Peer 1: 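Questions regarding the structure given below will be posed in turn.
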Amino acid sequence: MATTTHDDDAPKQRKADAGSAFGRIPLGRLFGINIRADWSVLIIGGLVAGNLGLGMLPQWHPDWGPVLTWAVAVGAAVLFLASILVHEMSHALVGRKMGIPVRNITLFIFGGMAHTEKEPPSPRAELLMAAAGPVTSLALGLAATFGGLALASVSFANVQEPTEALSQIGPTATLLLWLGPINIILGVFNMVPGFPLDGGRVLRAILWAWTKDLTKATKWASLAGQGFAAVLAAWGIISLLGGNVVQGIWLLLIAWFLRNAARAGYTQTLIQQALAGTKVGQVMRRRLIHVPPNISVATLVDDYLMASDQQCFPVVSDDRHLEGIVCLEDVRGVPRDAWPTTPVRDAMTPASELETTREDAPATDVLRQLGTREVDQVPVVDPQGALLGLVRRQDVLRWLALHDDRLRTT
């Protein structure tokens, strides 16, 4: 499935959610896009490998030894995750063609996410980007299925018991014949017309083209997504009552994720529209406590951190030039016995590694910076690098709450 979320290319600027960032494992770059995996991907990988290694493969191939069985099971799990990556990569590459920047792809327990930096510019762009994933999964599924059938040494048309035929085929064919249908199911499931599934984005594109109103289209697609989540939740409860605990819990988890993602997708669209035409200067915080670069970390703790609710402090020279930012996390990185002798300039994140913005920049741009870099604040500087203020997440949220009634109840 494809949802809109954010990346973390800034190397040292403070994270908005250290826990989520900590759980992401960088896997490399492909076509200029950062690939990473959330720690939860280990759960789905383990479930796939465990289901095959403990259940399906021993039934299909009772003559296989444990080494071969688990090698195929683990290989299938890896290829399944790789196929999800290909699915998301298709979204990213088509999105890039449509003028929608995608810097990161994250694999996680419910599949994958291509992290877009803005809303699609047109219904056509939304439609093409959304449809690319399911089409790719269906193509992979058909290719794997036909490849497995070609490699199989038996004809399934001439056997009465499919399990008997499966027991006669080799490891590669077995793997492909499992991977093919799984990808076909993945493609079909993602075409369910419920936002933020790919089918829901296709639905939004159609509604957008029809109504000429992105907000209304997103609202309807979001309601469809929440409706589908309710159906999954009901199915999960029925499964639990019927004794199928694993399936029931899994369906309830997917329903919970889809409902939250559908609501978040609509809220994101409202936020983008509410901020349209707003400048950074209207949402930034001008009254700040800042610190000089030459004070010690001990002084920072005693006179600043403990004396205010502010947890991040701009480090500013005498001429108000921004030198960097120092936060609670930076202090924690300095040994306690070194606090009195360590200057703040040695603990701070230098300005060269920070995301900054200008006072006249669109507020939507700084919101994107806060999201795509997963940081809590963005310094506002003038052309000479002097500090003018700071934009924090809570400042943007406060402005939105005051200026758009829809965001109070979304």
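No experiment lies behind these values; they were computed from the predicted model shown.
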Peer 1: Restricting to salt bridge (charged side-chain N to carboxylate O under 4.0 Å, His left out), what partner residues turn up for Arg96, sequence neighbours left out?
Peer 2: none
Peer 1: Which heavy atom of His87 sits nearest to which heavy atom of Ser137, and what is that distance?
Peer 2: ND1-OG, 2.7 Å
Peer 1: What's the shortest heavy-atom distance between Leu240 and Gly248, and which atoms?
Peer 2: CG-CA, 3.9 Å
Peer 1: Compare every heavy atom of Pro121 with every heavy atom of Ala125, then report the nearest pair and how far apart it is.
Peer 2: CB-CD, 3.8 Å
Peer 1: Test: ring pair (Phe, Tyr, Trp, His ring centres under 6.0 Å). Region: residues 235-256. Which pairs qualify, not counting sequence neighbours?
Peer 2: Phe110-Trp250
Peer 1: Could you pull out the closest heavy-atom pair between Ala77 and Gly45, with the gap in Å?
Peer 2: CB-O, 3.6 Å
Peer 1: Any non-hydrogen side-chain atom of Val326 less than 4.5 Å from a side-chain atom of Leu300?
Peer 2: yes
Peer 1: Do the non-hydrogen side-chain atoms of Thr349 and Asp330 ever get within less than 4.5 Å of each other?
Peer 2: yes
Peer 1: Is a donor on one side and an acceptor on the other found under 3.5 Å between the side chain of Asn51 and the backbone of Leu47?
Peer 2: no
Peer 1: Given the rule in the side chain to side chain donor-acceptor pair (under 3.5 Å) test, do Asp198 and His91 qualify, once you have shown the distances and angles that lead to the verdict?
Peer 2: CA-CA 10 Å; Asp198 298 332; His91 285 306; 3.2 Å; yes
Peer 1: Taking all heavy atoms of Phe313 and all of Ser308, pick out the closest pair and write down the distance.
Peer 2: CZ-OG, 3.6 Å
Peer 1: For Trp208, run the side chain to side chain contact (heavy atoms under 4.5 Å, CB included) check against Leu214, Thr215, Leu203 and tell me which one passes.
Peer 2: Leu214
Peer 1: Has Arg358 got a side-chain atom pairing as donor or acceptor with Ala361's backbone, closer than 3.5 angstrom?
Peer 2: no
Peer 1: Please round to the nearest 0.5 Å and tell me the distance separating atom CD of Glu353 and atom CD1 of Ile325.
Peer 2: 12.0 Å
Peer 1: One pair to check against side chain to side chain contact (heavy atoms under 4.5 Å, CB included): Val391 and Gln377. What are the steps and the verdict?
Peer 2: CA-CA 5 Å; Val391 180; Gln377 62 283 312; over 6 Å; no
Peer 1: Rounded at 0.5 Å granularity, tell me how far CG in Leu107 sits from CG in Leu27.
Peer 2: 6.5 Å
Peer 1: For residues 217-229, pull every pair meeting side-chain hydrogen bond (donor to acceptor under 3.5 Å, both in side chains), keeping only residues two or more places apart or in separate chains.
Peer 2: Arg204-Thr218, Ser222-Gln226
Peer 1: Identify, with sequence neighbours excluded, every residue that meets salt bridge (charged side-chain N to carboxylate O under 4.0 Å, His left out) alongside Arg345.
Peer 2: none
Peer 1: Give a yes or no on whether the backbone of Lys216 and the side-chain of Asp213 come within a donor-acceptor separation of less than 3.5 Å.
Peer 2: yes
Peer 1: Enter the distance from Arg320:CZ to Asp382:CG here, rounded to the nearest 0.5 Å.
Peer 2: 9.5 Å
Peer 1: Could you list the residues that satisfy side chain to side chain contact (heavy atoms under 4.5 Å, CB included) with Pro181, not counting sequence neighbours?
Peer 2: Thr145
Peer 1: Please report the shortest heavy-atom distance between Leu232 and Leu251, naming the atom on each side.
Peer 2: O-CB, 3.8 Å
Peer 1: Kindly write out the residues that satisfy side-chain hydrogen bond (donor to acceptor under 3.5 Å, both in side chains) with Thr136, not counting sequence neighbours, or none if the list is empty.
Peer 2: Ser90
Peer 1: Is any side-chain heavy atom of Met89 less than 4.5 Å from a side-chain heavy atom of Ile105?
Peer 2: yes
Peer 1: Mind checking whether His61 and Thr174 have side chains closer than 4.5 Å, heavy atoms only?
Peer 2: yes
Peer 1: Roughly how far, to the nearest 0.5 Å, is the CG atom of Leu253 from the CD1 atom of Ile43?
Peer 2: 9.0 Å
Peer 1: Determine all donor-acceptor pairs shorter than 3.5 Å in which one atom belongs to a side chain in residues 78-86; sequence neighbours excluded.
Peer 2:
unit_1, atom_1, unit_2, atom_2, d
Ser83, OG, Leu79, O, 3.4
Ser83, OG, Phe80, O, 2.5
Ser83, OG, Asn183, OD1, 3.3

Peer 1: Between CD1 of Ile25 and CH2 of Trp39, what distance do you get to the nearest 0.5 Å?
Peer 2: 10.5 Å
Peer 1: Any chance you could measure Leu354, atom CG, to Thr357, atom OG1, to the nearest 0.5 Å?
Peer 2: 12.5 Å
Peer 1: Can you find a heavy atom in the side chain of Leu322 that is under 4.5 Å from one in the side chain of Val315?
Peer 2: no
Peer 1: Just grab all the salt bridge (charged side-chain N to carboxylate O under 4.0 Å, His left out) pairs involving residues 268-287, residues at least two apart or on different chains.
Peer 2: Arg285-Asp395, Arg286-Glu359
Peer 1: Write out all pairs satisfying side-chain hydrogen bond (donor to acceptor under 3.5 Å, both in side chains) with one or both partners inside residues 236-246, taking only residues at least two apart or from two chains.
Peer 2: Ser239-Gln247
Peer 1: From the options Thr106, Ile33, Asn34, select the one residue that forms a side chain to side chain contact (heavy atoms under 4.5 Å, CB included) with His115.
Peer 2: Thr106
Peer 1: Kindly state each residue pair satisfying side-chain hydrogen bond (donor to acceptor under 3.5 Å, both in side chains) with at least one member in residues 68-77, sequence neighbours excluded.
Peer 2: none
Peer 1: Got a sec, which residues hit ring-ring contact (aromatic ring centres under 6.0 Å, His included) with Trp339, two or more places apart in sequence or on another chain?
Peer 2: none
Peer 1: Mind checking what makes side chain to side chain contact (heavy atoms under 4.5 Å, CB included) contact with Pro62, not counting sequence neighbours?
Peer 2: none
